[in-house]
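Quick note: residue numbers are just sequence positions, from 1.
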Amino acid sequence: MTEIRDLLLSRIRDVVDYPEPGVMFKDITPLLADPSAFTALTDALAEIAARTGATKVVGLEARGFILGSPVAVRAGLGFIPVRKAGKLPGATLAQAYDLEYGSAEIEVHAEDLAGEDRVLIVDDVLATGGTAEASVQLIRRAGAEVAGLAVLMELGFLGGRARLEPALGGAPLEALLTV
């Protein structure tokens, strides 16, 4: 696992003062452009899906789509996008959540999840945990079980894990990298 971590870290670029002064943005586009690194990431996340007994993968808009789709294919599971409000046609379930300066809402198609589903949530970064916590609530409201949450990178200094662990109710939270 150390080799995979080293490979992934070597392909994540720090961008100073983006999107605003004082922020160190972690750019994963070099990782996505490297087929060996992207394959290693996909394999590691697919192994988490298998270990948790997931039957479906949910990807959070937007980079969770990029990571979650190949994970679902590799693991032989269905993929379900969780989108920002107003982006999905048809009947949806919505979940509002608070941001640092305001609020937001995410949605999923109501018919995409059922009671027998065990869902692995996949995203690129765990920061404060607001979007991930809302997705956990949304999946449960749809009648499905949360099998776990898997992210490429956890920004430990922002406290997202502490916020999420009670919401996950014992389901695992796995970060391949912690920065």
In Å, rounded to the nearest 0.5 Å, how long is the span from CD1 of Ile12 to CG of Leu31? 5.5 Å
Any heavy-atom pair between the side chains of Val125 and Leu152 that's under 4.5 Å? no
Do Leu7 and Leu41 touch side chain to side chain, with heavy atoms closer than 4.5 Å? no
Rounded to the nearest 0.5 Å, what's the gap from CD1 on Ile4 to CD on Glu47? Could you check? 9.0 Å
When every non-hydrogen atom of Pro19 is compared with those of Val23, the smallest separation belongs to CD-CG1, 3.9 Å
Rounded distance (nearest 0.5 Å) linking atom CG of Leu67 with atom CG of Leu176: 9.5 Å
Answer yes when Arg51 and Glu174 have at least one side-chain N-carboxylate O distance shorter than 4.0 Å, and no when they do not. yes
Residue Arg63 excluded, over 12 heavy atoms near CZ under 6.0 Å: no
Which heavy atom of Ile80 sits nearest to which heavy atom of Lys56, and what is that distance? CD1-CD, 3.3 Å
Between Asp17 and Gly22, what is the shortest heavy-atom contact and its length? OD1-N, 2.8 Å
Could you measure the distance from the CZ atom of Phe65 to the CG atom of Asp124? Nearest 0.5 Å is fine. 11.5 Å
I'd like to check Val119 versus Thr55 (side-chain heavy atoms, cut-off strictly below 4.5 Å). Are they in contact? no
Check whether more than 12 heavy atoms from other residues, nucleotides or ligands sit under 6.0 Å from atom OH of Tyr18, and answer yes or no. no
Arg83/Glu107 ion pair, N-O < 4.0 Å: no
Among Leu177, Asp14, Val15, find the residue that satisfies the side chain to side chain contact (heavy atoms under 4.5 Å, CB included) test when tested with Lys26. Asp14
Mind checking whether Val108 and Val58 have side chains closer than 4.5 Å, heavy atoms only? no
So, the side chain of Thr52 versus the backbone of Ala49: is there a donor-acceptor pair under 3.5 Å, distance only? yes
Go through the steps for Leu126 and Leu158 under the test side-chain contact (heavy atoms from CB on, under 4.5 Å), then give the verdict. CA-CA 9 Å; Leu126 172 61; Leu158 291 177; over 6 Å; no
Do Ser103 and Tyr97 have side-chain atoms, one donor and one acceptor, less than 3.5 Å apart? no
Indicate yes or no: at least one non-hydrogen side-chain atom of Met153 is less than 4.5 angstrom from one of Ile28. yes
Would you say that Phe157 contacts Thr178 through its side chain, given a criterion of any heavy-atom pair below 4.5 Å between the two side chains? no
Is a side-chain N or O of His109 found less than 3.5 angstrom from the main chain of Pro81, in a donor-acceptor match? no
Taken to the nearest 0.5 Å, the spacing of Ile139 CD1 from Asp112 CG works out to 11.5 Å
side-chain contact (heavy atoms from CB on, under 4.5 Å), that's the test. Do Glu61 and Val82 meet it? Break it down for me. CA-CA 6 Å; Glu61 190 166 343; Val82 168; over 6 Å; no
Between Glu105 and Lys84, is there a side-chain N and carboxylate O pair less than 4.0 Å apart? no
Whether the side chain of Arg118 engages the backbone of Val146 through a donor-acceptor N/O pair (distance < 3.5 Å, no angle test) should be reported. no
Identify the heavy atoms of Gly68 and Val57 that sit nearest to each other, and give their distance. O-CG1, 3.8 Å
Atom of Arg140, atom of Gly169 and distance for their closest heavy-atom approach: NH2-N, 4.3 Å
Is there side-chain contact between Val136 and Leu168, with at least one heavy-atom pair below 4.5 Å? yes
Side chains of Leu138 and Ile106, heavy atoms from C-beta outward: is any pair under 4.5 Å? yes
For the residue pair Ala132 and Leu60, what are the closest heavy atoms and their distance? CA-CD1, 4.2 Å
Can you tell me how far CG of Asp27 sits from CG of Leu32, rounded to the nearest 0.5 angstrom? 8.5 Å
